[in-house]
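Encoded as structure tokens, the structure appears first; notes follow it.
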There are 2 protein chains.
Amino acid sequence: MALSKTEEQLMQHLWKLERAFMKDLLEAFPEPKPATTTVATLLKRMSDKGYVGFKKYGSVREYYPLVKKEAYFSKHLSGLIKGYFDNSPAQFASFFTKETDLSPQELEELKAIIEGEIKSKKK
Amino acid sequence: MALSKTEEQLMQHLWKLERAFMKDLLEAFPEPKPATTTVATLLKRMSDKGYVGFKKYGSVREYYPLVKKEAYFSKHLSGLIKGYFDNSPAQFASFFTKETDLSPQELEELKAIIEGEIKSKKK
DNA sequence: GAAAGTGTTCTACAAATGTAGAAGTAAATT
DNA sequence: AATTTACTTCTACATTTGTAGAACACTTTC
């Protein structure tokens, strides 16, 4: 099952922190911070959905992600590409490159990456 | 306000069709098709949210999108990039290029696009 | 060891979402 | 004109989501 928008936000914090206690997560939120119980509920649901694990220290828990950000994001992205670009990553890439405001330097970097990819595919 | 997952799907059909009557939309869904009333409800909500317009022909309506797919998608994408790549499109691009399985030809095309962008930025 | 501080579990509830029946209306068909 | 077709509008309801109070439990601190 997928995460909801709010759960995803919390997941972002968790990915950044890698492992975190309730208080670390609360700190990560900007004002106005949600109630502790709110975060607890979200964590419970996320854990039920299999996205979050935890280690108990007494009654307190140290939470950590069970799915990698990259993996989660990849799935997200391929969904988007399927939906919006008729499943054509190339078409998506083209759109992205044109629409996003990349600096000349970033473009050069990107070009280098692609050249690297081309080379590695060829070998 | 944003569209929900299901509303987005319907929106996809509408974008593809450009203008559509209820029956066209229903046809666009794969089996098992939703009930007519289900789609009607979604259209109503989407219209309330300002994403869909319609022209009346008697009591029947021809629906059409009020927001361009590109615009909607862009917003989506920048949200993703903000969330997952710390607001760095370049970092995102790099991830995308590595993770997605583009064919050598697609990579060449992409490279060409980027070169074009570099040139146009330089001018 | 009584009081604070932290976090957990339970329970609750409003809003948003997914889905659709019932009933009405307009247009097409017999 | 009566019937069928193709919607639309209204109403309804189960889930999921966003938010959090109340009450309980473990730790730390005076």
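- Note: A:Phe85 and A:Phe95 meet the aromatic proximity criterion, with ring centroids under 6.0 Å apart.
- At whole-Å resolution of the value, CZ in B:Phe29 and P in C:dA20 are 11 Å apart.
- Counting heavy atoms from C-beta outward, B:Lys69 and A:Tyr84 have side chains that approach closer than 4.5 Å.
- Whole-Å rounding puts the A:Lys55 NZ to C:dG7 P distance at 17 Å.
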Atom pairs, protein N/O to nucleotides 7-9 of chain D N/O, distance under 3.5 Å:
residue	atom	partner	partner atom	Å
D:dT8	OP1	B:Arg61	N	3.2
D:dT8	OP1	B:Tyr63	OH	3.1
D:dT8	OP2	B:Tyr63	OH	3.4
D:dT9	OP1	B:Arg61	NH2	2.5
D:dT9	OP2	B:Arg61	NH1	3.4
D:dT9	OP2	B:Arg61	NH2	3.3

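- The main-chain N or O of B:Glu7 is never found under 3.5 Å from a side-chain atom of B:Tyr51 such that the two would form a donor-acceptor pair.
- Taking the charged nitrogens against the carboxylate oxygens, A:Glu117 and B:Lys98 have no contact shorter than 4.0 Å, which rules out a salt bridge.
- Look at CG on B:Asp48: it is 12 Å from P on C:dT17, rounded to the nearest Å.
- Residue B:Lys5 places no side-chain N or O under 4.0 Å from the OP1 or OP2 atom of C:dA16.
- Comparing D:dA20, C:dT19, D:dT19 by their closest approach to the side chain of A:Leu42 singles out D:dT19.
- The interatomic distance linking A:Leu3 (CG) with D:dG18 (P) rounds to 10 Å, in whole Å.
- Of the two residues near DNA chain D, A:Gly58 and A:Val39, the one whose nearest nucleotide lies more 5' is A:Val39.
- For the pair B:Gln9 CD and C:dT17 C1', the interatomic distance rounds to 13 Å; values are reported in whole Å.
- Note on B:Arg19 versus B:Glu62: salt bridge recorded, some NZ/NE/NH1/NH2 to OD/OE distance being below 4.0 Å.
- Residues A:Tyr72 and A:Glu8 have side chains that bring a donor and an acceptor to within less than 3.5 angstrom of each other.
- A distance-only check finds a donor-acceptor pair linking the side chain of B:Ser78 to the backbone of B:Lys75 [under 3.5 Å].
- OP1 and OP2 of D:dT16 both lie 4.0 Å or more from every side-chain N or O belonging to A:Ser4.
- Of the two residues contacting DNA chain D, namely A:Arg45 and A:Tyr57, the nearest-nucleotide position lying further toward the 5' end is that of A:Arg45.
- Note on B:Thr6: only backbone sugar-phosphate atoms sit closer than 4.0 angstrom, heavy atoms only; bases stay farther off.
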